[in-house]
**Student:** 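One structure coming up, written as structure tokens, with questions to follow.
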Amino acid sequence: MKACGKRNPLLLSGEFFWIDRIRNTIGGNPEGGIGIGDDAAVIPEGLLWTTDAMVEGVHFLSSWPMDGVGYKSLASSASDIVAMGGKPLYALLTVGLPLSFSDVMYEAFLAGFERAMGDFGIVLMGGDTVRSGTLFFSLTVLGKPFEKPVLRSGAQVGDNIYVTGMLGESALGLEVLLGKEIHGEKKEEWVRRHLYPPCRVSLMQTLVSSYTLTAAIDCSDGFVADLDHIADESGVGYEVHIERMPVPERERGNSPFELPWSYALGGGEDYEIIFTSPEEISPVVAGVAVTCVGKIVESERQLFWYGERVERESIRRGYTHF
Ligand code: ADP
Ligand code: MG
């Protein structure tokens with residue numbers, strides 16, 4: 001396709017502008033189901049359904065270990081089912097292959113993909129293979145709620161805000177992969193976190209069977225951007241105490257604008273779960289840390305650093321692939 005003259009200025013409006021446009025025009029909400037606006041759709045038959053694409057040059061580089069690209073493509077898509085309080089079950093995989101894609105790369109991709117299938121209990125049921133100028137992988141995952149779906153829209157004033165595991169390591173790993181100067185002893189671990197993200201299936205199963213979760217989202221855009229999605233959909237505000245956030249090497253940074261705090265707040269692709277609950281949740285669930293970082297309030301969205309208010313706009317915002 002030939003580039004057609006001027007770049008559409010609306011492209012600069014970002015991913016969410018385009019999603020809202022589709023949602024408000026051609027998007028559907030069948031009776032008994034939930035369409036656009038959450039991590040996955042809820043279809044009237046009671047199942048959860050999501051799709052995600054990973055594009056070379058946007059989400060990964062072909063020089064990266066393809067095993068990791070394979071693992072991450074499935075883990076990150078399945079994570080949207082988990083964020084709805086569900087178990088990912090079946091996947092469809094579409095691959096777009098440029099002529100430069102080698103057999104060795106394909107083998108590595110499939111090995112990583114297969115490992116993720118085993119780790120999360122997902123079966124590959126089909127897909128499509130096309131020739132493409134750009135290498136891409138598109139995943140559709142079907143799953144089933146463990147109990148009932150946990151939506152982004154259910155957060156209530158007074159609920160606690162929790163985050164699972166640790167935030168910021170994936171963004172640090174991305175910087176290492178991109179060749180940026182990042183200091184720290186755990187560089188390889190961070191790269192692993194980026195390429196082999198978690199998908200919190202058993203943690204979510206334990207959480208929904210033991211506690212009331214009012215809202216949930218997986219952390220893909222960055223903590224603040226993802227919590228904003230919960231606030232938008234629930235019509236509420238929040239107070240978050242940054243110093244409580246679970247970050248790596250916490251002794252290193254001494255302001256919310258420095259590493260690792262800035263990456264925990266804005267980095268993204270951690271695929272941890274941010275959720276709200278009126279209950280006190282155990283600090284470790286299914287072997288994973290669960291940290292209370294704040295509260296849902298009526299309308300204002302406020303971040304605090306040891307009691308002092310931090311300007312939201314000055315925090316590094318969520319990573320956008322768009
Ligand atoms: P996530 O980061 O959890 O994968 P997204 O930000 O990609 O979520 O998507 C948010 C919502 O918008 C989801 O309900 C998704 O299905 C919907 N969505 C995104 N792009 C499109 C599209 N092109 N057409 C229809 N729905 C879309
Ligand atoms: Mg999501």
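First listed ligand is number 1; within each ligand, the first listed atom is number 1. For reference, positions follow the sequence shown, starting with 1. Heavy atoms only: backbone and side chains are in, while hydrogens, waters and symmetry mates are out.
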**Student:** How far is atom 7 (O) of ligand 1 from its nearest protein heavy atom, and which residue and atom is that?
**Tutor:**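 So the nearest neighbour among protein heavy atoms is Glu15 OE2, 3.7 Å.
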
**Student:** Should Arg309 and Gln302 count as side-chain neighbours, where that means a heavy-atom distance under 4.5 Å?
**Tutor:**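 Yes, close enough: below the 4.5 Å cut-off.
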
**Student:** Out of Gly35, Ala53, Gly37, whose heavy atom is nearest to atom 14 (O) of ligand 1?
**Tutor:**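 Among Gly35, Ala53, Gly37, the closest heavy atom to atom 14 (O) of ligand 1 belongs to Gly37.
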
**Student:** Which bit of Ile19 is near ligand 1, meaning a heavy atom under 4.0 Å away: side chain, backbone, both or neither?
**Tutor:** side chain

**Student:** With the threshold set at 4.0 Å, does a side-chain nitrogen-carboxylate oxygen contact exist between Glu269 and Lys72?
**Tutor:** yes

**Student:** His229 near ligand 1, heavy-atom distance under 4.0 Å?
**Tutor:**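 No, His229 has no heavy atoms under 4.0 Å from ligand 1.
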
**Student:** Report yes if the distance between the aromatic ring centroids of Phe109 and Phe137 is under 6.0 Å, otherwise no.
**Tutor:**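 So the answer is yes for these two rings.
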
**Student:** Taking non-hydrogen atoms only, is Arg23 closer than 4.0 angstrom to ligand 1 via side chain, backbone, both or neither?
**Tutor:** neither

**Student:** Tell me the contacting part of Arg152 for ligand 1: side chain, backbone, both, or neither, using a 4.0 Å heavy-atom threshold, strictly below.
**Tutor:**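 Under 4.0 Å from ligand 1, Arg152 contributes side-chain atoms alone.
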
**Student:** Which single N/O/S atom of Asp218 lies at minimum distance from the Mg ion (ligand 2)?
**Tutor:**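 The nearest such atom is OD1.
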
**Student:** Among all protein heavy atoms in this structure, tell me which lies nearest to atom 17 (C) of ligand 1, with the distance rounded to 0.1 Å.
**Tutor:**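 Closest protein heavy atom to atom 17 (C) of ligand 1: Ile36 CG2, 3.6 Å.
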
**Student:** So which protein heavy atom does atom 24 (N) of ligand 1 come closest to, and at what separation?
**Tutor:** Ile22 CD1, 3.6 Å

**Student:** Taking a cutoff of less than 4.0 Å between a non-hydrogen atom of the residue and any ligand atom, is Phe16 in contact with ligand 1?
**Tutor:**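 Per 4.0 Å heavy-atom rule, Phe16 contacts ligand 1.
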
**Student:** Any idea which N/O/S atom from Asp80 gets closest to the Mg ion (ligand 2)?
**Tutor:**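 This residue's closest N, O or S atom turns out to be OD1.
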
**Student:** Taking the six-membered ring for Trp, are Tyr271 and Tyr196 closer than 6.0 Å centroid to centroid?
**Tutor:** no

**Student:** Measuring to the Mg ion (ligand 2), does Asp39 have an N/O/S atom at a distance below 2.8 Å?
**Tutor:**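 So Asp39 counts as coordinating the Mg ion (ligand 2), yes.
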
**Student:** Are Asp226 and Arg152 close enough for a salt bridge, meaning some N to O gap below 4.0 Å?
**Tutor:**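 No salt bridge links Asp226 with Arg152.
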
**Student:** Tell me whether Asp67 is salt-bridged to Arg115, with the criterion being a basic N under 4.0 Å from an acidic carboxylate O.
**Tutor:**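 A salt bridge is present here (some side-chain N lies under 4.0 Å from a carboxylate O).
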
**Student:** Give me the residue, atom name and distance of the protein heavy atom closest to atom 4 (O) of ligand 1.
**Tutor:** Asp80 OD2, 3.0 Å

**Student:** Would you say the side-chain atoms of Thr276 pair up with the backbone N or O of Ala215, donor to acceptor, closer than 3.5 Å?
**Tutor:** yes

**Student:** Could you check atom 2 (O) of ligand 1 against the protein and tell me its nearest heavy-atom contact, residue, atom and distance included?
**Tutor:**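 It is Ser220 OG, 3.4 Å.
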
**Student:** For Thr212 and Glu279, which I'm curious about, is there any donor-acceptor pair between the side chains at under 3.5 Å?
**Tutor:**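 Yes, because at least one side-chain N or O of Thr212 sits under 3.5 Å from a partner of the opposite role on Glu279.
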
**Student:** Are side-chain heavy atoms of Ile22 and Trp18 found at a separation under 4.5 Å?
**Tutor:** no

**Student:** Can you tell me the protein heavy atom closest to atom 15 (C) of ligand 1 and the distance?
**Tutor:** Asp38 O, 4.4 Å

**Student:** Cut-off 3.5 Å, side chains only: do Thr134 and Glu56 have a donor facing an acceptor?
**Tutor:** no

**Student:** Counting both backbone and side chain atoms, is some N or O of Asp221 under 3.5 Å from an N or O of ligand 1?
**Tutor:** no

